[in-house]
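Here the structure is laid out as structure tokens; the discussion comes afterwards.
Remember, it's 1-based here, ligands and their atoms both numbered in the order they're listed.
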Amino acid sequence: MLTCGIVGLPGAGKSTLFNLLTGAEGGVGYGAKKEARTQVASVPDPRIDYFVQMFKPKKVSPAQIQFTDLPGPESGRGRQFLDQVRPCDALILVLRAFAGPLGENNPVGELNQLGGELVLADWELAEKRLERLAASKKKTEDKNQEPALKKLTAALEEGKPAKTVELTEDEAKALEGLELLSAKPTVVVANLAEDLFGKSYSAQTELQEFCGNSRWPLVEICAQLELEIASLPQEERGPFLAEIGIAQPGIDLVAQAAYRSLDLISYFTVGEDEVKAWTIRRGTTAQDAAGKIHSDIARGFIRAEVYHYDDLREHKSIANLRQAGLFRLEGKEYIVRDGDVMNFRFNV
Ligand SMILES: Nc1nc2c(ncn2[C@@H]2O[C@H](COP(=O)(O)OP(=O)(O)OP(=O)(O)O)[C@@H](O)[C@H]2O)c(=O)[nH]1
Ligand SMILES: [Mg+2]
């Protein structure tokens, strides 16, 4: 399962976003919470909704993402919290772009500061490793570790994130265990004031530029407002969202951005028993995708029956797809596409 750590300065709206993403309650309010929270959320996907309406399955299994909400960095203790998101696959940086009790906001400044914190946290870790390496008498350690760590600390010292450091394959391997924060796929969430949503705001161009340069997807949401709307009865939510101009709920945007930053896609298995989304990396072959379900299916792989969600929507039924030649048989090496519906034929 994809895991995301929510990081941000005090009062940026991390806990509000966490509640919005996961349906959790409480823990909101500047400094309200001293402990990290972790919870799993289902990823909303209109394609799943469509399959469900068509197949009326007994069970529905959307993709899931696990989110961790960190307390805001408190002075002197900040980077220690960051260790809790080291194992995460991706980071979500929340920026305060609303005024509120903390006064004027400066999302670009926050982004700079957060980026700096990640680099500094990595530098501290790398330095500690180097010291330990120097102290250890054993020469059994991976010989690539020292040169890799030296390269890394030199870059971090200049404020460069770990992902910009050019390493050989062996060096990269030697550093894998560090779980470097400044090398992680990162999504930036600008948490906007209600009246700014859908409009241009003063920091927007700079934020877009910063994120573009770092290749971090930028998501603009209004977490508090969306959370309030989420507490309304289902049938009232749509009109509200439409009125404000929120075309897609925040969780969709954040989930999609996280998927994009990690190069993840979904394929589906469908039927009357279960409709299920499977998360794979872009470029995965049919055989490896089958292995996600069960290693036996990968081992005994014969062929995959494949059609695409878009084609099903267009042609309305599987019979029509067959007629149009869009229901195919593919071999092991077929590269699975986002939105493919797969049924594996196998023999063990
Ligand atoms: N106006 C406005 N207020 C918000 C928004 N998001 C959060 N808030 C408010 O800002 C305050 C802090 O929100 P939290 O979600 O607790 O912020 P946090 O980043 O978790 O704070 P710490 O955990 O203390 O660092 C709360 O009073 C929220 O109601 C928003 O989009 N707009
Ligand atoms: Mg919080």
Among pairs that include at least one residue of residues 283-296, which meet salt bridge (Lys or Arg N to Asp or Glu O under 4.0 Å), considering only residues two or more places apart or in two chains? D296-R299

Hey, is the Mg ion (ligand 2) within less than 2.8 Å of some N/O/S atom on S15?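 So S15 counts as coordinating the Mg ion (ligand 2), yes.
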
Where ligand 1 meets L192 - atom numbers and elements under 4.0 angstrom, heavy-atom basis: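 So the answer, numbered in order with elements, is 31 (O).
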
Could you tell me whether some N/O pair between [X] and ligand 1 is separated by less than 3.5 angstrom?
{"X": "T16", "result": "yes"}
{"X": "C222", "result": "no"}
{"X": "G13", "result": "yes"}
{"X": "L17", "result": "no"}

Does some non-hydrogen atom of A12 fall short of 4.0 Å from ligand 1? yes

Does A223 come within less than 4.0 Å of ligand 1, judged by its heavy atoms? yes

Between F268 and F51, is the gap from one ring center to the other below 6.0 Å? yes

Indicate the ring-plane relationship of Y267 and W278, choosing parallel, tilted or perpendicular according to the 30° and 60° boundaries.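 Parallel.
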
Please say whether more than 12 non-hydrogen atoms of neighbouring residues, nucleotides or ligands are located less than 6.0 Å from CD in E236.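 Buried by this count: over 12 neighbours within 6.0 Å.
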
Taking all heavy atoms of V119 and all of S182, pick out the closest pair and write down the distance.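 For V119 and S182, the tightest heavy-atom pair comes out as CG2-CB, 4.1 Å.
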
Per-pair distances, 0.1 Å, donor-acceptor, side chain in residues 151-159, under 3.5 Å, sequence neighbours excluded:
unit_1, atom_1, unit_2, atom_2, d
K151, NZ, E166, O, 3.2
K151, NZ, E171, OE1, 2.8
T153, OG1, L149, O, 3.0
T153, OG1, K150, O, 3.1
E157, OE2, W123, NE1, 3.0
E158, OE1, K160, NZ, 3.0

